[in-house]
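Just so you know, these numbers come straight off a predicted model, no measurement behind them. By convention here, the first residue in the shown sequence is residue 1. All values below come from the heavy atoms of this structure, side chains included, with hydrogens, waters and symmetry mates left out.
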Amino acid sequence: MTIYTARPIEPAVLKQLRDTDDAGRACVPYIDHEGGDPLRCCLRRIRPGERVALVTYAPLRRWAAETSAAPGAYDEQGPVFIHAEECEGPAGAEPYPFTRPGAIRVLRRYSRAGHILGGRLLEFPEAAAEGFDAALDEAFSDPEVALVHVRAVEYGCFQFEVRR
């Protein structure tokens, strides 16, 4: 099977989000005393006591700016947790973070133009990485698919991106 790469939010984008997020709001850092929520900067969960921020992020808009795509109405933004200061990135992260058997994610497929090509629900089997590989193989079997966004079903939160 093919192993795909879960992409964190890029360091240059994180630097911008730590100032002003994609909704135009100032970043408001805080200490998370409980931990557990997913960090999109380093693709791991928050550890108790870490300084983090909840910011608005528009992943398709950011990708479109790099590629000259025009997502139009498919552009969406939502909340993501990031470290309040620069971090080490995803060193040693799981191949597909935030997965556990039984968890459900939606995989949304997008074209090079930034238009949605469909999506599918994925309930992780015991072998979560193999289940993810199979779902991504299926998504990228369509030559029109340029990238896949992985989102949590419960809140619709962006988890990470996988590119062709």
Any side-chain heavy-atom pair from [X] and [Y] closer than 4.5 angstrom?
X	Y	result
V162	F140	yes
D133	Y4	yes
W63	E161	yes
R105	E123	no

Which pair of heavy atoms, one from [X] and one from [Y], lies closest together, and at what distance?
X	Y	value
D21	L17	CA-CD2, 3.8 Å
L43	A6	CD1-O, 3.6 Å
A139	V148	CB-CG2, 3.9 Å
G156	R151	O-NH1, 2.9 Å
P38	F98	CB-CE2, 3.2 Å
E126	P101	OE2-CB, 3.6 Å

Test of understanding: with ring pair (Phe, Tyr, Trp, His ring centres under 6.0 Å), list the residues that count as partners of F160, not counting sequence neighbours.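 If we apply the ring pair (Phe, Tyr, Trp, His ring centres under 6.0 Å) test to F160, skipping adjacent residues, the hits are F132.
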Return the CG to CD1 distance between D37 and I46, rounded to the nearest 0.5 Å. 5.0 Å
Gap between atom CZ of R112 and atom CG of L117 - 0.5 Å precision: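 CZ of R112 is found 9.5 Å from CG of L117.
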Would you say T56 and R25 are linked by a side-chain donor-acceptor pair, where the criterion is simply a distance under 3.5 Å? yes
Check R62 with E10, please: is the shortest side-chain N to carboxylate O separation under 4.0 Å? no
Mind listing the side-chain donor-acceptor pairs of residues 75-90 below 3.5 Å, one per line with the distance, residues two or more places apart or on another chain?
{"from": "D75", "atom 1": "OD2", "to": "R61", "atom 2": "NE", "distance (Å)": "2.9"}
{"from": "D75", "atom 1": "OD2", "to": "R61", "atom 2": "NH2", "distance (Å)": "3.1"}
{"from": "E76", "atom 1": "OE1", "to": "R108", "atom 2": "NH1", "distance (Å)": "3.3"}
{"from": "E76", "atom 1": "OE2", "to": "R108", "atom 2": "NH1", "distance (Å)": "2.5"}
{"from": "Q77", "atom 1": "OE1", "to": "R61", "atom 2": "NH2", "distance (Å)": "3.3"}
{"from": "H83", "atom 1": "NE2", "to": "R44", "atom 2": "NH2", "distance (Å)": "3.3"}
{"from": "H83", "atom 1": "NE2", "to": "E50", "atom 2": "OE2", "distance (Å)": "2.8"}
{"from": "E85", "atom 1": "OE2", "to": "R51", "atom 2": "NE", "distance (Å)": "2.6"}

Check: L107 main-chain N/O paired with R109 side-chain donor or acceptor under 3.5 Å: no
G35 backbone acceptor or donor facing R45 side chain under 3.5 Å: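 Such a contact is absent between R45 side chain and G35 backbone.
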Y110: which of H149, H115, E144, R163 passes side-chain contact (heavy atoms from CB on, under 4.5 Å):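 That would be H149; it is the only one of H149, H115, E144, R163 passing the side-chain contact (heavy atoms from CB on, under 4.5 Å) with Y110.
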Could you list the residues that satisfy salt bridge (Lys or Arg N to Asp or Glu O under 4.0 Å) with E34, not counting sequence neighbours?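 Partners of E34 under the salt bridge (Lys or Arg N to Asp or Glu O under 4.0 Å) test: none.
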Do you reckon [X] sits in the same ILVMFWY cluster as [Y], going by side-chain contacts under 4.5 Å, direct or chained?
X	Y	answer
L54	L39	yes
L122	I104	no
I116	L60	yes
V52	L14	no

